[in-house]
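Here is the structure we will look at.
Because the structure is predicted, anything quoted here is derived from the model rather than measured. Each chain gets a letter, A, B and so on, in the order its sequence line appears, and its residues count up from 1.
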Number of protein chains: 2
Amino acid sequence: MSLEYAILVSLQERAGSGYELARRFDKSIGFFWSASHQQIYRSLKRMVELGWVAGDAVAQEKRPDKKVYRVSAEGAAELARWLGEPAAPATARNELSVKIRGASCGDVGQVLEEVRRHHRLHAERLAVYRAIEQRDFPEPERLSGRSRHQFLVLRGGIRTEQSMVDWCEEVISALEDEI
Amino acid sequence: MSLEYAILVSLQERAGSGYELARRFDKSIGFFWSASHQQIYRSLKRMVELGWVAGDAVAQEKRPDKKVYRVSAEGAAELARWLGEPAAPATARNELSVKIRGASCGDVGQVLEEVRRHHRLHAERLAVYRAIEQRDFPEPERLSGRSRHQFLVLRGGIRTEQSMVDWCEEVISALEDEI
DNA sequence: AGTCCCATGTAAGTGGTTACATGATTTG
DNA sequence: CAAATCATGTAACCACTTACATGGGACT
């Protein structure tokens, strides 16, 4: 059910169509809550039924019509209520760890290659986050409200990716010793 | 489908019943791949059908009978094959980040309380991991094979929890300024 | 002519959670 | 006497993924 709340947060920042939301979930909000366009359309439908959002049809020239969704008073109240609720800590699911733990059951060299690949992916994502940090938040002390919260979430992404990069390096050097 | 492989890894380390596996998924392997007993029994059934594991009925005195599962040659081959396959990087899903990003839509104080709660949970988990590290891996340089791989996975858990603790502290001090 | 972008969906399948169910034995 | 542990499952539901579907306009 959390996707609905992620959509509410995004629509509170700015109203938008299902398609536009899907684009946002490919970046920004999608960095910490991913969702496909199919999920988003389904959730929007549910949210209209619940009265959390309202969709206004917008005719466009030379482009398909679209429905622009905005958060209703009920939706805003529901979001505020949910924010006060305790969140369950995320269930641990790290496939790479399963492969490392099982490395002795197969070819350690192949697992090492896989860790190297993940190292690259995390380093790339870290670089993206750092670029966003420099571009959008050059003076973090001066931030307030919404933009400060956005910055804090980005900081979480940076810390997570940095720790994955560091860990991959530790694993790589240990597995290199082994082969 | 990854649960099946996590079970294969665990059964390669030591054969066991569904119940014993469920206990292991409450700790050790469960620290990086969580699963309920219902999932485990369902997966074992599938794996028997696929011929990846074999279950031997064991009669016990003063305790219910159990089925002890071990990995078959086919299961071992399948695990080795899977280890060489690329793993999709985990999809990002961090509910706490959604709450922080949406904090302005509700009571910032409540979100702060929630971040403090998560800080405690991650600090506790970090302490557990550090205790395991000290108890089971006092001389990490001397490790090899399976136990070295187990150590590396534990190191990942320690790094992840440490980075969550650090991040929570950064968020707490920023949100405290705000209220 | 082919591909990408805009825009919105349906349908089938997989994986995971929650609730229910049973029954003996051990521990406080 | 109650609660926890051992041991194994079924069933309903929910969330998410993957595949399929449509159609115009812009770009190369």
Side-chain angles (χ1 to χ4, degrees), chain A residues 1-8 11 15-27 29-30 32-50 53 55-69 82 87-95 98, chain B residues 1-8 11 15-27 29-30 32-50 53 55-69 82 87-95 98:
Chain A
M1 209 44 177
S2 283
L3 174 57
E4 275 78 352
Y5 297 100
I7 290 174
L8 284 176
L11 287 179
S17 67
Y19 185 85
E20 284 161 1
L21 279 167
R23 297 297 108 240
R24 293 183 209 172
F25 275 83
D26 285 340
K27 45 180 178 42
I29 195 135
F32 51 95
W33 199 277
S34 65
S36 63
H37 80 272
Q38 293 93 333
Q39 265 181 287
I40 290 164
Y41 284 116
R42 192 157 37 90
S43 289
L44 284 170
K45 201 174 161 183
R46 266 200 293 252
M47 291 163 82
V48 169
E49 283 163 21
L50 289 165
V53 298
D56 308 302
V58 173
Q60 293 185 114
E61 278 175 30
K62 315 223 176 180
R63 279 188 184 181
D65 296 355
K66 63 180 178 179
K67 268 177 271 179
V68 173
Y69 294 91
W82 176 79
T91 53
R93 292 236 159 99
N94 187 333
E95 197 171 324
V98 178
Chain B
M1 203 57 170
S2 282
L3 173 56
E4 275 78 353
Y5 298 100
I7 290 174
L8 284 176
L11 288 179
S17 69
Y19 185 85
E20 283 160 3
L21 279 166
R23 298 294 109 243
R24 294 183 207 172
F25 275 84
D26 286 341
K27 45 180 178 40
I29 194 133
F32 51 95
W33 199 277
S34 64
S36 63
H37 80 272
Q38 293 92 335
Q39 266 181 286
I40 290 164
Y41 285 116
R42 192 154 41 93
S43 288
L44 284 170
K45 202 175 159 184
R46 266 200 293 253
M47 291 163 83
V48 169
E49 283 164 21
L50 289 164
V53 296
D56 307 303
V58 173
Q60 293 184 115
E61 277 175 30
K62 312 220 177 180
R63 279 193 183 174
D65 295 356
K66 62 179 178 179
K67 268 176 270 180
V68 172
Y69 294 92
W82 176 78
T91 53
R93 291 239 158 101
N94 186 331
E95 197 171 328
V98 178

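- Here the side chain of A:Thr91 is nearest to one of C:dT17, D:dA7, D:dG25, namely C:dT17.
- Under the 4.5 Å side-chain criterion, counting only non-hydrogen atoms from C-beta, A:Trp82 is in contact with B:Glu95.
- Closest approach of B:Ser43 to B:Glu4, counting heavy atoms only: OG-OE2, 3.6 Å.
- Among the heavy atoms of the strands lying under 4.0 Å from B:Gln38 is at least one base atom, whether or not backbone atoms are also near.
- Relative to the side chain of A:Gln39, the nucleotides C:dT8, D:dC6, D:dT17 differ in distance, and D:dT17 lies closest.
- With D:dC16, C:dA7, D:dT8 as the candidates, the nucleotide lying closest to the side chain of A:Lys66 is C:dA7.
- Phosphate contact (OP1/OP2 of D:dT8, side-chain N/O of B:Tyr19, threshold under 4.0 Å): absent.
- Not a single donor-acceptor pair, N or O on each side, falls under 3.5 Å between the base of C:dG15 and the side chain of B:Arg46.
- Residue B:Ser36 places its side chain closer to C:dT18 than to any other of C:dT18, D:dG23, D:dT8.
- Ranking D:dA7, D:dC16, C:dG9 by closeness to the A:Leu3 side chain, first place goes to D:dC16.
- One finds the CG atom of A:Leu21 at 9.0 Å from the CD1 atom of A:Ile29 (value rounded to the nearest 0.5 Å).
- Side chains of A:Lys45 and A:Val48 form no contact here, defined as non-hydrogen atoms less than 4.5 Å apart.
- Dashed line: the shortest gap from a side-chain N or O of B:Lys45 to OP1 or OP2 of D:dT8 is not under 4.0 Å.
- Residue A:Ser17 has a polar side-chain atom (N or O) positioned under 4.0 Å from OP1 or OP2 of C:dT8.
- Relative to the side chain of A:Arg42, the nucleotides C:dC6, D:dT8, D:dC16 differ in distance, and D:dC16 lies closest.
- Taking 4.0 angstrom as the limit, B:Tyr41 places none of its side-chain polar atoms (N or O) nearer than this to OP1 or OP2 of D:dG9.
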